[in-house]
Amino acid sequence: MIEFIVFSLLNGLLYGMLLFMLSSGLTLIFSMMGVLNFAHASFYMLGAYFAYQISTWVGFWPALIIAPLLLFIIGAVVERFGLRTVHKYGHVAELLFTVGLAFLIEEAVILIWGRSAPDYRIPDLLDAPLFTLWATNFSMYRGFMLLVAVCMFAALYLVLTRTRIGLIIQAALTHPEGVSALGHNVPGVFMLVFGGGCAMAGLAGVIGGNYFITDPGMARMLGPIVFVVVVVGGMGSLTGAFVASLLLGAIQTFAIGLEYSLSDLFRLLGMSPGFQGGILKDLFRIQIAHTGPILPYLIMVLMLIFRPKGLMGTRET
Amino acid sequence: MKNKQLCVILAGIAMLLFAAGPVTAADTIKIAYIDPLTGPFGNVGDAGQKHFQYMADLINGNGGVLGGKKFEIVPFDNKISAKESLVQLKNAIDQGIRFVTQGNGSSVAGALIEAVNKHNKRNPKDPVLYFNYAAVTPAFTEEKCSFWHFRFDAHVAIKMDAISEHIKTRPEVKKVYLIHQDYIFGHSCSATIQDMLKAKRPDIEIVGDTFHPLGKVKDFSPYISKIQASGAQVVVTGNWGQDMQLLVKAAKEAGLTAEFYTFYGGGLGSPSGVGAAGENRVKQVTEWHNNLWNEQNKPADKDFYLGFQKQYAVGNNERLEFYYGRIRTMMEMVAKAFDKAGNANPKDVAYALEGMEHDTYYGKVIMRADDHQLYQPMFISTMVKAGSDKVPFDVEKTGLGWRTDMKVDTETTMRPTVCEMKRP
Amino acid sequence: MTQVVLELIDIHKSFGSSKIINGVDLAIQDGERHAIIGPNGAGKSTLFNLISGLYEVSKGNIKLRGHSITNLAPHQINRLGLSRSFQVTNIFPKMSVFENIRCALLWPLKYKYSFWHHCSYRQELNQKADELLEKINMADRRDIAAGELAYAEQRALEIGVTIAGGAEVILLDEPTAGMSHSETDRAVELIRSVTEDKTLVVVEHDMGVVFNLADRISVLVYGEIIATDTPDNIRCNADVQEAYLGEEVASC
Amino acid sequence: MSNIPKKHVTNKWWAALAVWGSAILFLALLPIPFRSGFMLSMLSEIGIMIIFALSYNMLLGQGGLLSFGHAVYFGLGGFITMHALNFVNDGVLPLPLEALPLVGGLGGLFFGIVFGYVSTRRAGTPFALISLGIGELIASSSLMLPSFFGGEEGISGDRMAEITLTPFGFGQQIEVYYLIAFWVLVSTGLMYLLTQTPLGRMANAVRDNPERTPFVGYNTHIVRTIQFSLAAFFAGIAGGLFAINYEIVTAEVVGAIPSANVLMMTYIGGTGFFFGPILGAILITLMELMLSNITHAWVLYYGLMFIAMILWAPGGLASLIMMHKPLWQGRVIGGVLKAYAIMAAPVVILFLGCMILIEINYHLSLSIKPEDPMHIFGIEFYAQSIWPWLVSIVLSIGGLIFFLKSRKIVSRAWKTAGNQLKQKDSGS
């Protein structure tokens, strides 16, 4: 049991940190600009592909730096020439623009790198176990991923609290309409934040692409899970996004261990459910363990219905 | 004046756009290939098309069928959607095509079987014949069996039977873990292997029987922890695509030593997705793999294999390899059936295919008339370091290749069927 | 005067730790024209938002004709016969002027959520809407999208939408804000004519309008009402002068 | 009283009759030129998509609700219809086939009420995200609940049912086409009438200004819920027709792809006008079914078109057409049309250039064998040689330059037309 808990915690932590790397940028963009960026996962995918391409030329370590930088530039360009153009048509148009963008990025990736997964590998240096607990390895690469995530979080924290631009961003997070009154170059800040958010997603792609699988479907497969983090964490709150990421990581990993279904519940309550037949009989068969990966969506829906502020949000989405 | 000229040009362009279909010769037998050519599964469908094209070229090069008629593979993109497949089937029928093949997705295959049955019932004089090369739901040759459907891939129960045969020969295996995708395919895999193991190895304990949502899991580590904790020596999974690749990768990360018996360990794109993690860990059950020629000493098959690779050499990133041994079997048998029938009438071709026996490099195969299921030798193989004398070829440039553990003969794979074939 | 129509009893409202309204008591008589004045940030609009149900009251009670309407939803309060306008023009910009008015008539004419009546074929509905357009002098702008109207026209439409439903109690939030002199005069005339036989509560900055229109005036300062009285008495009230009016109108 | 203009009583019944009459005639005669099985299938699919897109526009265009999960109601309607069809064939349910889409509609309505009530408290992003979440939940559970959704293979049935109201046996596609055409007319008519009802008007009001609506007596949540449920009803009808047309419903119909597709269809067609989604449904279905047979790059063209619409024509095709209405009515459209004709040449050249470029790239990276020659408009050439690249780049750049120039001509023509219009107005 302890074994299960410890590993669930470790797995949950790692998954949560990855989620946070992805969603922190999205939270920033969404809170400040009100744009629900559907192409965010596509930037994650681009990060992985860029890293793969760069690592075939100059190796993994430079890719770790160069790929996010490239994504920063791409993100800034997208904001400047795409989003800003459609901004005047309202949030729906902005959102749909990002939907279309996600579409195009996927096609472009297919066109450039083909439809099969490229062989993007973990660097040999990190391809070894870090420590072993109860005969299960915790690999160095996973340790490295944790390290990168923590470093990124620390850097983000420092930028937001110690720099002038960070303070403006913080102010804009909670009061987006007020900042323009301060006379700051708001479009410039938006461009910066959008680029920064994309760079963070790209970094997640660099370290996640080889740990998982890099292929044209990876953005689509990641799906709307990042939105779940933003919603559950709450608008305008990076801490909320952090907590939500870890929470979702933990929920998903722990749910897998719970092999209970509705019919078990009825049995426990001493009821013999006679209505288990018919069209809904499968409902009673499904165990919590099977539902792990879809629980986040349930949480998101319930959160939006009952607590639209999210866990730590400063205002409603 | 200027406008008029422009109109003429525009009209010309529009006409060209619609007229630019494939130029067809009169003496061809067209086979509609309905599979995904765009979208997430586009690469799989694309590879399959190349297999068919390669086979058609070979057969055509040897004089074709029916005294000189050539095969023509006409691709139709179904985007792996059942709905689009049905529209494309109509499209194919409109173009006068009466032979259809498809493989990806049981949803599509089920829809096509239904649609072909209905079409043939409503147009008894103008039937359509459907060759299934990869959809493995047993029902297609059991309860839902149809005279107009022939399956050239081994279905779930046959594959699981082969796996259980291999486990039977390994007395050291005591604990088996099952993990499957949570949908009908996964459930039927799980139920089948449990029954078989119970019958063949009652001493084996099933230490886990887990289902996870299809294509939704990104990090399989929690599942691996569970497998690790159960002490399983062997994992059996019907997972395909990313669900299989991520599972194996996570197992390697965690240092799990259990072996994985898979259906699709060698599936297109899987070896490169799994990468080094698959070494000595992944087993597959297939009718063919690219080192069989060496093990069975059939060098002619090597030339056939390399010929495909040469014809479809892609850029530096990728290498497309021959994978579907059964497509070869299928095309050879179909060609034989045409000659046997003596005409290109789908009904006669179907009758000719029924009960047909055929010699492949690796043994006799038979298209059983009772259920239209092809029975063929099955091979259990393991992913190991390639480049040696025993394992000459790797797959998808991973440096890893397949080494046969066991061959299951055609007779052993034969199973009773509940199919009640209705013939016209 | 006869009977109290709208009654506010010890209303409090705070946002977080900042208290905006601090125990307001107010009783509006039937048929009266009541103005609420006060410096910026005194909480005048907040008070309207509390009465009309946009905000929840932190503490206290609001009664409309003796029935408590405290913390009811805005549409419920509206259905009980209390209608309001907004400080910032708040109409349906993409719909035509006529349709703006018609929307305000649908509920009072008991169409509710009907999806089986064809609006164009409802004589009574359309006639009433057209009458109202005449009343607010906008019949010639009938089919123009509301968002394309001139500012003063939008304000007039705003009033039209507010009174269309025939509510007995009308709350107008700065109806003449941002208007020129002549426009203001016309607006006051309009307000006067459309609120005949109705109870009117108005928040207004323009003292001319206030003293011209109101029967009684309440002065709201820092979330408290420091005086309620007739215009003349307010003009001469020392507290009010000190807190708000200053010297400009101190001509008693 | 008498001086009130009575414009509101539309005496244009004959105009309505003409529109509907010609629509009926058009749909009835359409199969004459398009009689092949594929064409009929395509027309049927277009009909289904028209209903689906119009129902989606009840949310996006009329109610201001951006949904990412509208296919849930389409798909559930389809599944329910299919179950009903099987009940009919088993003799349990005595319903004629022609009425079965209604069952799907009622199913859609039921789920529309349930999910609509919980998700429409607020519009905007929260609503969009809830619809996305519900869509994900239903799509995931579709594979987990095989007894209702039929698992991967879905549920199939035979539409040649015992009971029918018409002499049709529905064995042939053309009979199904006429059934779909009938429901397209009925649904389109009903959805159009809905826009004229108090609910329809208030849905517009809630879309335009949800803050104000409560102050005219309406509960925005209820308005949205009803509007949503009715949209789900029509989506369910479309799903029911889908079930009858394809005789199979699989889990893919409740998935994210059809949800995204209907959104793009509706948006490209134009949300601001009632007929916009019809244009979108026709165009996108044609692209999906015909263009994908011509080029593998169709997804890219689709995506580019969507992005271009958002960037430069946010009102969609419908508004592009309707912006010419005043010019047409004022009979000053000639100059603008002439300018368009001048612009057409560079547009075609630019398009050709870009298209060749895209096709070469697709051929090189994704075709079965890049060394093989490729064909565009029957012209054979090799993608590896330099010439097609050169030609396409020259065409693109040249086209772009002349396009930018001709754009000035067009804007000048618009200005002239506008001035003419003003003169006419003041003249009369």
Side-chain angles (χ1 to χ4, degrees), chain A residues 1 3-4 6-8 10-12 14-15 18-19 56 106-107 110 113-122 127 129 132 134-139 141-142 208 210-218 220-223 225 249 252-257 259 285-287 289-294, chain B residues 37-47 181-182 186-187 208-229 231 241-242 245-246 249-250 252-257 268-277 314-320 396-398:
Chain A
M1 195 61 203
E3 193 179 332
F4 172 70
V6 169
F7 271 101
S8 294
L10 270 176
N11 291 328
L14 185 75
Y15 188 57
L18 263 180
L19 266 185
T56 59
E106 189 179 321
E107 277 301 299
I110 289 175
W113 285 284
R115 288 205 184 90
S116 336
D119 187 17
Y120 176 33
R121 290 189 181 189
I122 290 169
D127 196 11
T132 307
W134 296 287
T136 299
N137 292 341
F138 191 83
S139 71
Y141 195 72
R142 302 181 80 183
N210 47 6
Y211 180 68
F212 302 122
I213 288 165
T214 301
D215 74 359
M218 67 194 285
R220 202 185 282 239
M221 178 159 167
L222 195 69
I225 187 93
Q252 290 204 46
T253 45
F254 275 98
I256 287 163
E259 293 182 332
R285 179 191 54 77
I286 296 172
Q287 298 177 350
H290 308 176
T291 61
I294 62 167
Chain B
L37 300 172
T38 58
F41 292 91
N43 57 332
V44 181
D46 183 56
Q181 293 150 328
D182 197 1
H187 284 278
D209 180 17
T210 298
F211 297 94
H212 63 80
L214 175 66
K216 287 276 188 289
V217 182
K218 281 116 211 162
D219 190 0
F220 272 92
S221 308
Y223 293 96
I224 297 299
S225 300
K226 235 167 116 178
I227 297 173
Q228 183 78 281
Q242 292 219 336
Q245 300 164 23
L246 289 170
K249 280 188 115 174
K252 195 226 167 197
E253 283 291 316
L256 180 72
T257 48
L268 287 164
S270 285
S272 62
V274 169
V314 220
N316 295 328
N317 297 342
E318 291 171 74
R319 180 171 81 200
L320 187 74
E396 298 184 358
K397 292 187 168 180
T398 52

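Chain naming here is simple, since letters A, B, ... match the order of the sequence lines and numbering starts at 1 in each.
- B/S272 touches chain A through backbone and side chain together, each having a heavy atom under 4.5 Å away.
- Across B/Q242, B/E396, B/K252, the residue that shares the most heavy-atom pairs under 4.5 angstrom with chain A is B/Q242.
- The minimum heavy-atom distance linking B/S225 with A/N11 is given by the pair OG-ND2, 3.2 Å.
- With sequence neighbours excluded, the residues that form a ring pair (Phe, Tyr, Trp, His ring centres under 6.0 Å) with B/F220 are B/H212, B/Y223.
- No side-chain heavy atom of B/S221 sits under 4.5 Å from any side-chain heavy atom of A/L14.
- Distance CD1/A/I122 to NZ/B/K249: 6.0 Å, rounded to 0.5 Å.
- In terms of heavy-atom pairs under 4.5 Å with chain B, the best-connected choice from A/P216, A/S139, A/G208 is A/S139.
- Side chains of B/E253 and A/Y211 form a contact here, defined as non-hydrogen atoms less than 4.5 Å apart.
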